[in-house]
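What follows is a single structure, written as structure tokens, with notes after it.
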Amino acid sequence: MSEQPLTAIEQHHLDTITDRLGLNRLAAEEEAHGEEPAEDVEEPTAPSATAVRDAVTRQAVLGALLDQIKDAYKDAKRDADDLLEKQYKATGSTKTDAQLPDGTKVGSVSRQGGERAAQVVDEEAFRVWVRDHYPTEHVVEVIPAQVVTSVRPGFSGKVLAEATAAGTARYVDATSGVVHDILGVEIRPSRAASHRITYTRGSKAQPANGRDLVAAAWRTGALAAHLPGLAPAAEPEE
């Protein structure tokens, strides 16, 4: 019996089934070998050498300038703080304007007053005072071969807080009303005075703020005398 040729439609179905069987077989073989089906991977494109060099150079230049500016700022702040403190002691002035060479105000520096607080300056004297007047706040610990005595931290903090509020090393007994002079405690500076700089804000008369005015003056070379070695010098007039 002779084999009948396939019609066009039958041949198309056969070809489709054959292709699918072949793809399934390949996928099964790759999975059996622990391999993922191959996918198209886009090759990375290297940036231009010029772009990389420019980015690295910019970082290096700014880093070097930043180190110089940080050191210069520390020196400038130390000098300014010293002079401002001397001015305060002599005149009582707490605020000074910062101006560009042409007299334009770009900001001001204000003095922030320090604080004073009660502090234990003699631990033993304070402990004895507490033992004699507030024995329940006096702790005695017996440790093998030694006896350790101390003041309860909560009571110590309470006494120092009240003395700080009163501005004097005294403590008022809330029960008896007796005013005690606290032994071993003094009112001393707890935070030094500091100086804070603030820049001017833009306005209708002067849209640029203080920082922008400083930047503009720096670019024109107007600050060369104030920042030797850092700011560019002004170009000579032709």
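Only heavy atoms go into these numbers, but all of them, side chains included; no hydrogens, no water, no symmetry mates.
- The main-chain N or O of Gly92 is never found under 3.5 Å from a side-chain atom of Arg111 such that the two would form a donor-acceptor pair.
- Contact check on Asp67 versus Lys70 returns no salt bridge, with no Lys/Arg side-chain nitrogen under 4.0 Å from an Asp/Glu carboxylate oxygen.
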Check step by step if side chain to side chain contact (heavy atoms under 4.5 Å, CB included) holds for Arg78 and Asp75.
-> CA-CA 5 Å; Arg78 182 187 62 246; Asp75 294 339; 3.2 Å; yes

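- Between Tyr88 and His195, the distance separating the two ring centers is not shorter than 6.0 angstrom.
- Put simply, the side chain of Thr96 reaches to within 4.5 Å of the side chain of Gln87, judged on heavy atoms.
- In terms of heavy atoms, Leu160 sits closest to Ala118 at O-CB, 3.5 Å.
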Would you please test Leu213 and Gln206 for side chain to side chain contact (heavy atoms under 4.5 Å, CB included) and show each step?
-> CA-CA 10 Å; Leu213 291 171; Gln206 177 54 269; 4.0 Å; yes

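- In this structure, Thr94 OG1 and Leu84 CG are separated by 10.0 Å, a value rounded to the nearest 0.5 Å.
- The OG atom of Ser156 sits 13.0 Å away from atom CZ of Arg127, with the distance rounded to the nearest 0.5 Å.
- Under the 4.5 Å side-chain contact rule for hydrophobic residues, Val109 and Leu100 do not share a cluster.
- Aromatic ring pairs are classed by plane angle as parallel below 30°, tilted from 30° to 60° and perpendicular above 60°; the pair Trp129 and Phe126 is parallel.
- Side chain of Arg131 to main chain of His138: no donor-acceptor pair is present (N/O by atom type, distance under 3.5 Å, no hydrogens or angles).
- A distance-only check finds no donor-acceptor pair linking the side chain of Ser110 to the backbone of Lys95 [under 3.5 Å].
- A pairwise comparison of heavy atoms in Pro101 and Leu223 identifies CD-CD2, 3.9 Å as the closest pair.
- Val151 and Val139 are not part of a single hydrophobic cluster, where members link through side-chain heavy atoms under 4.5 Å apart.
- Two residues are said to be in side-chain contact when any heavy atoms from C-beta on lie closer than 4.5 Å; Glu162 and Val172 meet this criterion.
- A salt bridge does not link Arg58 with Asp54: none of the charged nitrogens is closer than 4.0 Å to a carboxylate oxygen.
- Interatomic distance, Glu186 CD to Thr168 OG1, rounded to the nearest 0.5 Å: 11.0 Å.
- Annotation for Gln146: atom CD counts as buried by contact number, over 12 foreign heavy atoms lying within 6.0 Å.
- Under the 4.5 Å side-chain criterion, counting only non-hydrogen atoms from C-beta, Leu183 is not in contact with Asp122.
- Considering Val179, Val159, Val185 as possible partners of Arg170, the one that fulfils the side-chain contact (heavy atoms from CB on, under 4.5 Å) test is Val179.
- When all heavy atoms are compared, the tightest approach of Ser108 to Asp97 is CB-OD1, 3.6 Å.
- Residues Leu65 and Trp218 do not share a hydrophobic cluster, defined by chaining ILVMFWY side chains whose heavy atoms lie under 4.5 Å apart.
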